[in-house]
Every structure is written in structure tokens, then in C-alpha cells.
Engineer: 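Below is the structure I would like to discuss, written out as C-alpha cells.
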Amino acid sequence: MTATLLRPHAEQRYADELSALEACDERARPANWRLSPWAVVTYLMGGTLADGTVITPKYVGNRRLMEIAVATLATDRALLLIGLPGTAKSWVSEHLAAAVCGTSTLLVQGTAGTAEEAVRYGWNYARLLAEGPSERALVPSPVMEAMGSGRIARVEELTRMPSDVQDALITVLSEKTLPVPELGTEVQAVGGFNVIATANDRDRGVNDLSSALRRRFNTVVLPLPASAEEEVSIVARRVEDMGAALRLPETDRALGEIQRVVTVFRELREGVTGDGRTSLKSPSSTLSTAEAISVVTNGLAMSAHFGDGVLRPSDVAAGILGAVVSDPVSDRVVWSEYLETVVRERPDWADFYRACREVGQ
Ligand SMILES: Nc1ncnc2c1ncn2[C@@H]1O[C@H](COP(=O)(O)OP(=O)(O)OP(=O)(O)O)[C@@H](O)[C@H]1O
Ligand SMILES: [Mg+2]
């Protein structure tokens with residue numbers, strides 16, 4: 001039996017769509033691009049090709065934003081995706097890299113402990129000691145590999161990296177070279193090389209981008225889903241995807257519960273009920289689309305293993321409570337108020353009200 005991957009990379013998961021696009025794509029491609037900019041946007045936004053192949057939408061939202069992102073990658077400026085948590089920054093970055101160069105794995109994860117080697121290069125110390133500095137002893141970073149082969153490097157959570165490490169990117173982005181003084185050589189970027197970085201709005205001020213680095217990026221801000229319908233469709237699509245991977249039951253009967261989770265999240269996030277009549281306090285938690293997706297996925301697992309296989313209010317209540325209440329004191333007050341003034345008053349929400357009361361005890 002072959003083991004199933006828990007999470008195949010975008011280029012593996014959507015290999016069929018990518019090759020179908022490649023086959024029918026007659027537009028001009030920038031150097032080393034696997035697809036034309038038009039085909040990359042089609043891959044992201046979805047569509048039907050001339051040969052009938054259906055391309056599933058990956059990003060749900062404003063097409064123009066994706067066009068700007070893709071056009072940026074074809075220039076000498078790098079792309080910075082900014083937004084609140086869970087607005088698909090990492091998701092879009094992975095799919096962009098997969099569609100543009102066929103590889104989404106040249107990845108640097110930014111943390112407070114990210115060292116310069118992650119952006120430049122490091123050494124295999126055994127070899128270094130045995131042979132001295134040599135090509136063979138050099139361990140290239142994902143960025144160096146992307147430069148040499150004309151592919152896309154991804155930098156996740158750019159603003160969490162220490163400023164001096166961020167600044168190592170400046171030479172790379174402006175000079176398009178990475179010097180290796182130990183060997184007296186340099187790696188020059190080949191056409192097709194670019195960088196997609198992501199940064200979280202809430203991290204602003206952690207390690208702010210220097211203005212020198214900021215100027216090397218074109219920034220695209222990814223917004224929260226514009227409408228409840230859009231958010232429901234994002235959650236439903238992703239839950240179906242993940243449910244299939246985790247072998248969870250059919251998700252089509254879960255739509256009603258998904259709508260409810262999204263309604264609760266949006267109302268609390270926006271501080272007003274959907275009909276605009278009652279203003280509410282917002283909790284300190286983020287209540288992102290990504291969290292809505294995991295509340296529903298968890299609920300499906302509960303219903304599959306401990307329920308009757310249909311997603312019920314009692315399967316999502318605990319997950320919602322967990323997502324809303326991040327500060328045990330103030331958020332709990334916000335939640336009880338919402339429960340008593342809004343949830344209780346909705347006639348068709350009686351089951352949900354009861355389930356929430358039960359887990360809240
Ligand atoms: N507009 C959207 N279109 C499609 N999927 C979306 C959208 N918004 C959120 N998602 C889904 O939300 C999930 C989380 O997205 P992702 O991890 O990319 O968020 P992020 O912006 O990188 O968050 P963080 O700042 O926490 O890193 C993904 O599964 C993604 O599919
Ligand atoms: Mg992310």
C-alpha cells in the first residue's frame with residue numbers, strides 16, 4: 001500500500017490542472033515561466049479551458065489583486081502579500097510559485113531565530129573542515145537555489161525575521177547577485193527568479209521592514225472576504241478538500257452549519273449583526289476564515305466518529321467557543337452577551353443555542 005500524503009504541495013495536488021493549462025497556453029511567457037501570466041491568473045481564479053478542462057478556483061476574491069500580483073512577478077520587483085491572519089497570504093504564495101515555476105518548496109520560514117544562512121548560504125561543516133571552503137562544502141539557501149535556477153523563492157512571515165537578516169535580501173533584490181566571498185565567486189540570478197514574501201498585519205512593529213527593503217517590493221494587501229456568501233464558499237470549498245484528504249464523510253449536508261459558523265464569526269468580527277440592527281462587542285480573537293475552516297473540519301470529524309455522520313450544532317459549538325474565547329475573562333463576557341442577546345432570539349437557532357450553553361458550562 002502506498003502511503004497517502006497528508007498535504008501534497010500545490011504543484012503535486014494540481015499537477016493535472018497545471019499541465020492542462022500549459023498545453024493550451026499560447027501566450028507569451030516570461031523567461032523560465034511555466035505558464036503565461038494570463039494562465040497563472042486562470043489557475044488562481046479558476047475557469048474552463050478550450051478543451052473542457054475545469055480549473056478550480058484557488059483564491060476567492062478580487063481578480064484584479066491576483067493580476068497585480070502576477071504582473072509584479074514578471075518585473076524586477078518582488079511581491080509582498082500583506083493582510084490579517086488567515087487571509088490566504090501563504091496559500092496564494094504557494095499557488096503562485098507552483099504556477100509560475102512549478103516549485104513552491106523553495107521556502108524560508110521567518111521567525112525571530114531565522115539566521116542569515118537561511119537567506120544566503122551555509123556550510124556543511126564536516127566538509128568545510130576536511131576540504132576547506134569549496135563548492136561542495138557550500139549549502140545553498142532556498143533563495144540562492146531560486147536565483148541560480150530562475151525560480152521563485154518564498155519568504156514566509158518576513159517581518160518576524162530580525163532586521164539584519166531581512167536586509168540580506170536587499171542585495172539579492174537590487175543587485176540580483178549573491179556574493180560568496182569565501183570562494184571568490186558569486187551567484188547571479190537567472191531570468192525567472194523572484195521573491196514572494198508574506199507578512200501579517202498584526203505583526204506590524206515587530207521587525208518593521210526597512211524602507212530600503214520596502215522599496216524593492218510591490219505590496220498587495222489581501223482583504224477579508226467581502227461578503228458572507230464569499231466566505232461561506234471559501235470555507236465550504238476548503239472543508240471539502242480537507243475532508244477528502246482526511247477521509248471525512250460527505251460535506252454537502254454541512255452547508256447550513258457552515259453558514260452559521262461564518263455568520264457568528266462575521267458578526268463578532270464586525271461588531272454588528274448581519275441585519276445591521278444590533279451592535280456587538282468584538283472579542284480579542286482574530287476569528288479568521290482559516291479558523292472557521294478548522295472549526296468546521298473538527299466538527300465533521302466529531303460527527304463522523306462520535307455522532308451520526310451529519311454535522312450538528314453540537315459538533316461545532318465547542319470549536320466556536322474555543323475560537324471566540326482567547327482571553328478567558330473578557331472574551332467570555334462578549335460571548336455570553338452574544339449568546340443571550342442574539343443567538344437566543346433566533347427561532348431557528350434553538351439547537352445551536354442549547355449546544356453552546358452546554359459546552360459553555
Ligand atoms: N479569499 C480566499 N480564497 C481562498 N481561500 C482562502 C481565502 N481566505 C482564506 N482562505 C483559506 O484560509 C486558509 C488559511 O490561509 P493562509 O494560511 O494562507 O493564511 P495567511 O494569510 O497566511 O495567515 P497567517 O497570517 O496566519 O499566516 C487557507 O486554507 C485558505 O485556503
Ligand atoms: Mg501564512
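Counting starts at 1 for both ligands and their atoms, following the listed order. These figures come from a predicted structure and were not determined experimentally.
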Engineer: What protein N/O/S atoms are found closer than 2.8 Å to the Mg ion (ligand 2)?
Structural biologist: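 Hits for the Mg ion (ligand 2) below 2.8 Å: Ser90 OG.
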
Engineer: Find the distance between CZ (Phe306) and OG (Ser314) and round it off to the nearest 0.5 Å.
Structural biologist: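 Going from the CZ atom of Phe306 to the OG atom of Ser314 covers 13.0 Å.
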
Engineer: Roughly how far apart are Gln12 CD and Thr105 OG1, rounded to 0.5 Å?
Structural biologist: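 Rounded to the nearest 0.5 Å, the CD-OG1 separation comes to 8.5 Å.
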
Engineer: What class does the angle between the rings of Tyr43 and Tyr14 fall in, given that below 30° is parallel, 30 to 60° is tilted and above 60° is perpendicular?
Structural biologist: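 Answer is perpendicular, since the angle exceeds 60°.
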
Engineer: For Gln188, give me all partners under side-chain hydrogen bond (donor to acceptor under 3.5 Å, both in side chains), at least two apart in sequence or on another chain.
Structural biologist: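 Expected list: none.
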
Engineer: Output yes when Glu186 and Lys176 qualify as a salt bridge under the 4.0 Å nitrogen-oxygen rule, no when they do not.
Structural biologist: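 No, no charged N to carboxylate O under 4.0 Å.
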
Engineer: So, using salt bridge (charged side-chain N to carboxylate O under 4.0 Å, His left out) as the criterion, who are the partners of Arg277 when residues are at least two apart?
Structural biologist: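 Arg277: no salt bridge (charged side-chain N to carboxylate O under 4.0 Å, His left out) contacts found.
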
Engineer: Any carboxylate oxygen within less than 4.0 angstrom of a Lys/Arg side-chain nitrogen, looking at Glu291 and Arg269?
Structural biologist: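 Not counted as a salt bridge, because no side-chain N and carboxylate O are separated by less than 4.0 Å.
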
Engineer: Walk me through it: do Glu340 and Tyr353 pass the test side chain to side chain donor-acceptor pair (under 3.5 Å)?
Structural biologist: CA-CA 9 Å; Glu340 299 306 324; Tyr353 175 71; 2.9 Å; yes

Engineer: Between Glu11 and Arg34, is there a salt bridge with N-O shorter than 4.0 Å?
Structural biologist: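 A salt bridge is absent here (no side-chain N lies under 4.0 Å from a carboxylate O).
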
Engineer: Distances for all N or O pairs of ligand 1 and the protein under 3.5 Å?
Structural biologist:
unit_1   : atom_1 : unit_2 : atom_2 : d
ligand 1 : 1 (N)  : Val60  : O      : 2.7
ligand 1 : 3 (N)  : Val60  : N      : 2.9
ligand 1 : 18 (O) : Lys89  : N      : 3.4
ligand 1 : 18 (O) : Ser90  : N      : 3.1
ligand 1 : 18 (O) : Trp91  : N      : 2.8
ligand 1 : 19 (O) : Ala88  : N      : 3.3
ligand 1 : 21 (O) : Thr87  : N      : 3.1
ligand 1 : 21 (O) : Ala88  : N      : 3.2
ligand 1 : 21 (O) : Lys89  : N      : 2.9
ligand 1 : 21 (O) : Lys89  : NZ     : 2.7
ligand 1 : 22 (O) : Ser90  : N      : 3.0
ligand 1 : 22 (O) : Ser90  : OG     : 2.7
ligand 1 : 23 (O) : Gly86  : N      : 2.8
ligand 1 : 25 (O) : Lys89  : NZ     : 2.8
ligand 1 : 25 (O) : Asn200 : ND2    : 2.9
ligand 1 : 27 (O) : Glu157 : OE2    : 3.3
ligand 1 : 29 (O) : Arg238 : NE     : 2.9
ligand 1 : 29 (O) : Arg238 : NH2    : 3.3
ligand 1 : 31 (O) : Arg238 : NE     : 3.0

